[in-house]
Structures are given as structure tokens and as C-alpha cells.
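Values below: every heavy atom of this structure, side chains too, minus hydrogens, waters and symmetry copies. Since this is a predicted model, take the numbers as computed values, not measurements. All chains are named by letter (A, B, ...) in the order of the sequence lines, taking the proteins before the strands, and each is independently numbered beginning at 1.
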There are 2 protein chains.
Amino acid sequence: MTDIISHNNRPSRSAAMQTDDETGKNDSAGISSLVELIELLFFAYRDFTSDPDTILAEFGFGRAHHRVLHFVNRYPGLRVADLLDILKITKQSLARVLKQLVDSGMIEQQPGRSDRRERRLFTTKRGRKLAERLIEPQMARIVRALELSGDESHKVSRKLLYNMINSTEHEAVMKLFSRTHAKTSGKRPE
Amino acid sequence: MTDIISHNNRPSRSAAMQTDDETGKNDSAGISSLVELIELLFFAYRDFTSDPDTILAEFGFGRAHHRVLHFVNRYPGLRVADLLDILKITKQSLARVLKQLVDSGMIEQQPGRSDRRERRLFTTKRGRKLAERLIEPQMARIVRALELSGDESHKVSRKLLYNMINSTEHEAVMKLFSRTHAKTSGKRPE
DNA sequence: CTAATTATGTCAGTCATGTTGACTTATTTT
DNA sequence: AAAATAAGTCAACATGACTGACATAATTAG
């Protein structure tokens, strides 16, 4: 193991992550502390997204497939347009990945009941199984991190993440979360 | 203020979709609530990383350039090997991006003083300026989100993100953070 | 009813960023 | 002197983005 830096012992920070607040060495929201938060987000996301990669490789899929599979599995009856809105990618980008998921029997398409132009998306049994396998290590990671981060951590981090999302997207997120019925959802109700 | 996203229990959404909360067995956190946290992380990261894109486009750079520029700017004197360890990409991937940053006068290389095989990396004045421009909207986003998320949010989210990182990486992260560029950061002196 | 709009699909080409594998050069360590 | 290390390079390839143009079917508006 290559040591990046020669000095090894930093007892005040090595065991459990302590903040500047706790050490009383800095203002509560110092620049440095903010930058570290940004970097922690990068590291956390880096490791978080790496979890499902091994499983995906078994199927010849990548992360793009994971995203699509996850949201379709989680919100059955999603339309292509909804997915585009969620993923913020182009139709052509989505098409390739979606086609592979359909061709490999992970996702099924059904014409919309009231609007037959729509293709409502659903996971098959296989697709559901894979989606569950993929999210399992990510859930475990989150649960563990929440347990280590105090009782407030779930509520607080939920709020923080929500507030980090573009406010123009807040309504879409809430609408997605409250999507409990498959038939006529997706239309913008006034 | 915003008690957004406070629904603990959601009704089942579809017969086809079998989640554990439909069985009535909710652990304290709730599967559904955990999945929403995962989705919020996706949305937050999606919007967070989109901030610098416009600026990067001006220079013909992408996110890969941003990452390299950020870490070199933040931790001057970083070696190529350090960057590889941070970014978890291959040397060949890094090389392309790094070369472009060097060629465009954003990053300079200096042979290590004690080991002349090393290429210590530093941002130039231009590079520093760009790095600051890039992080500015991200800082603003974080600050705003922290303000909206309560007094605890900085400390708690810092802990959570840290705990989401692979524990095998904890030491590397702490070592990086303690790597002081003495002038700008008032960091805990031991 | 016709015309416009919408939802989706598709062809074709390009770019950014990641990968593997093999090999070189310079330098330091053993 | 030999081995190990830090970095750079060549080549080929995969993934997942992008743009732009166009096609088809169905719905909605005039």
C-alpha cells in the first residue's frame, strides 16, 4: 500500500469522521468544510454506483440499463417520456438501452389504454428479479451508513438531497413518489 | 419549513409491484423510504453535476476534466498515482484528459524534488480561476440546501456521506483531507 | 374533417470517457 | 547490476451520451 503522505496518525479524525464544528477549529460552514462535503459526495457516489457493476456485467448491461430498469420496476406503467424526464437524456440514448432490456426480456411494453400512442413500460418477472438484485447492495450500504450516522440521519439527509435538486424539478419528484396508480398517471393534472 | 417528503407510509401502488411494505412488514426505516432516498441521491447528483457543464463547454472540456482540475487545484502537488487512486480510473483514461489540461495551460507538471520520476501537478493561474468558477455554483447549491435542511444538516450529511464510502477507502479520504496546502485552509493543527 | 400536435421510434454520424493489454523510459531501490 | 516504481504511450474497443433529420401512428384542435 503506497503511503500518500508520510505522517500516519491523526487521532482526532481517523476513527470516526469529525467535523470542524466538533473540533471547534473552524467556522460552522467554512469554505474548506463545504469543499470536503462536495468531495465526500463524489466519493460516496463513486462507491455507491460501483456496487451493482459486477452483477450488471453478468448480463452484459451497464449503468444506463440499471437506471432504466430501476425506475420502470419501481414505477410500473412509466412511459418513455417519463423516463426521459427522469434521466435527462435524449430519446435516442434511451432507445438503445431500452431496446436491449426489452429484447432480453427484462421489460415489456403495453400500449396505453386511453392513449394508444403511449408505450407503458413494465418489468417482467426476470426484470423484477434483476432490479431487486441490483438494488440490494445499495440498500445495504445506505442502511449501514444511516445506522452509523445517527437517528436524525435519514430525515436530515432526505431533506438535504431534496433541497439539492433543482427546485424546478421538485414537483416532478413528488409526483413520481406519489405515483401509486398505473392507469392514468403521467398526465399533468392542472 | 418544508416538511417535504415526509410520507412514512405509502399505499401499495400496483398489484404487479411487490414491495415489502405491501406485506405490512415495515422496518423502522421502511423499504420504500430507503428506495426514495436512493432516488433522491440520483436526482441530487444529476442536478449537482449538471451545474458546471455550461462553463466547461466554453472550454471544450467535460466532467472528467472538471474532476482532475478540481483535485489538482484543491491538493496542489498531487501525483498522477494519487489522482488514479481518487478517481478510480485507468492511467490511460486519465492521461488523455490530463494532457488536454496541460496543453491548454490549466495544469503544470513539476518533477518531484526527492523523486524525479514523479510529476507533481499544480494548477496554473488560469486553471485556478476555472476551478473556482466551476465549484462556485456547486457551493451555492450546497449552501442553500444546507440552510434549508436544518442546523444539523452539515454535520449529519457529512457523516452519512463518509459512511457511504467503502471503508477500505476511509483512510485514503482522511489522508487526502489532511493534506494541507497550509495557506487557504485553516485546518486542525494537531 | 382536416390539420396540427404529440408520443414514440429510427437512421446516421459524432464525441466523451471509460476499458484492456502491451510496451517504453527514466529513476529509484534492492 | 537487477528489480521495482512512476509515468507515458500506442492501439483497439465499449458504453453511453449527443445532434439532426425523418417516419409512423394516434390524439387533439380548428
>> Here's a test of your reading of the structure: between B/A81 and B/R96, which maps to the more 5' nucleotide of DNA chain D?
In response: B/A81

> If you link I, L, V, M, F, W and Y whenever their side-chain heavy atoms are under 4.5 Å apart, who else ends up in the same group as B/F122?
Replying inline: none

Using atom [atom1] of [X] as one end and atom [atom2] of [N] as the other, report the distance to the nearest whole Å.
{"X": "B/L121", "N": "D/dA6", "atom1": "CG", "atom2": "C1'", "answer": "12 Å"}
{"X": "B/L98", "N": "D/dA7", "atom1": "CG", "atom2": "P", "answer": "10 Å"}
{"X": "A/K99", "N": "D/dG16", "atom1": "NZ", "atom2": "C1'", "answer": "17 Å"}
{"X": "A/Q100", "N": "D/dA14", "atom1": "CD", "atom2": "C1'", "answer": "11 Å"}
{"X": "B/Q110", "N": "D/dA7", "atom1": "CD", "atom2": "P", "answer": "14 Å"}
{"X": "B/L83", "N": "C/dT17", "atom1": "CG", "atom2": "P", "answer": "15 Å"}
{"X": "A/L84", "N": "D/dA17", "atom1": "CG", "atom2": "P", "answer": "12 Å"}
{"X": "A/Q109", "N": "C/dT8", "atom1": "CD", "atom2": "P", "answer": "10 Å"}

Can you name the side-chain hydrogen bond (donor to acceptor under 3.5 Å, both in side chains) partners of [X], sequence neighbours left out?
{"X": "A/D151", "result": "none"}
{"X": "A/K91", "result": "none"}
{"X": "B/Q100", "result": "B/H65"}

>> Which residues pass the salt bridge (charged side-chain N to carboxylate O under 4.0 Å, His left out) test with A/D53, not counting sequence neighbours?
In response: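 A/D53 satisfies salt bridge (charged side-chain N to carboxylate O under 4.0 Å, His left out) with A/R63 only.
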
> Do B/F48 and A/Y45 come within less than 4.5 Å of each other through their side chains, counting heavy atoms only?
Replying inline: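 Result no, sub-4.5 Å side-chain heavy-atom pair not found.
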
>> salt bridge (charged side-chain N to carboxylate O under 4.0 Å, His left out) for B/R74 and A/E39? Distances and angles first, verdict last.
In response: CA-CA 10 Å; B/R74 174 80 176 158; A/E39 290 169 355; 3.6 Å; yes

Please list, by residue number, the residues of [range] whose heavy atoms come closer than 4.0 Å to an atom of DNA chain C; answer none if no residue qualifies.
{"range": "residues 88-95 of chain A", "answer": "A/K91, A/Q92"}
{"range": "residues 41-49 of chain A", "answer": "none"}
{"range": "residues 53-69 of chain B", "answer": "B/G62, B/R63, B/A64, B/H65, B/R67"}

> How about A/R141 and B/N166: does a side-chain donor come under 3.5 Å of a side-chain acceptor?
Replying inline: yes

>> Distance alone, cut at 3.5 Å: any donor-acceptor contact between the side chains of B/R144 and A/S167?
In response: no

>> Please enumerate all residues that pass ring-ring contact (aromatic ring centres under 6.0 Å, His included) together with B/F71, with sequence neighbours excluded.
In response: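 Scan of B/F71 (ring-ring contact (aromatic ring centres under 6.0 Å, His included), adjacent residues dropped) gives A/F42, A/F43.
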
> For B/R128 and B/E132, what are the C-alpha separation, side-chain angles and deciding distance, and is it a salt bridge (charged side-chain N to carboxylate O under 4.0 Å, His left out)?
Replying inline: CA-CA 6 Å; B/R128 224 167 301 137; B/E132 279 160 21; over 6 Å; no

Can you give me the N/O atom pairs linking the protein to nucleotides 28-30 of chain C at distances under 3.5 Å, or say none if there are none?
residue: C/dT28; atom: OP1; partner: B/R116; partner atom: N; Å: 3.2

> A/V80 side chain: which of C/dG9, C/dA7, D/dA6 is closest?
Replying inline: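 Nearest to the side chain of A/V80 among the choices is C/dG9.
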
>> Among residues at least two apart in sequence or on other chains, which ones pass side chain to side chain contact (heavy atoms under 4.5 Å, CB included) with B/R117?
In response: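 So B/R117 forms a side chain to side chain contact (heavy atoms under 4.5 Å, CB included) with B/D115.
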
>> Checking B/R126 now: which residues fulfil side chain to side chain contact (heavy atoms under 4.5 Å, CB included) with it, not counting sequence neighbours?
In response: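 B/F59, B/M106, B/T124.
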
> Is the distance between the ring centroids of A/Y162 and A/H170 under 6.0 Å?
Replying inline: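 They qualify: ring centres under 6.0 Å apart.
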
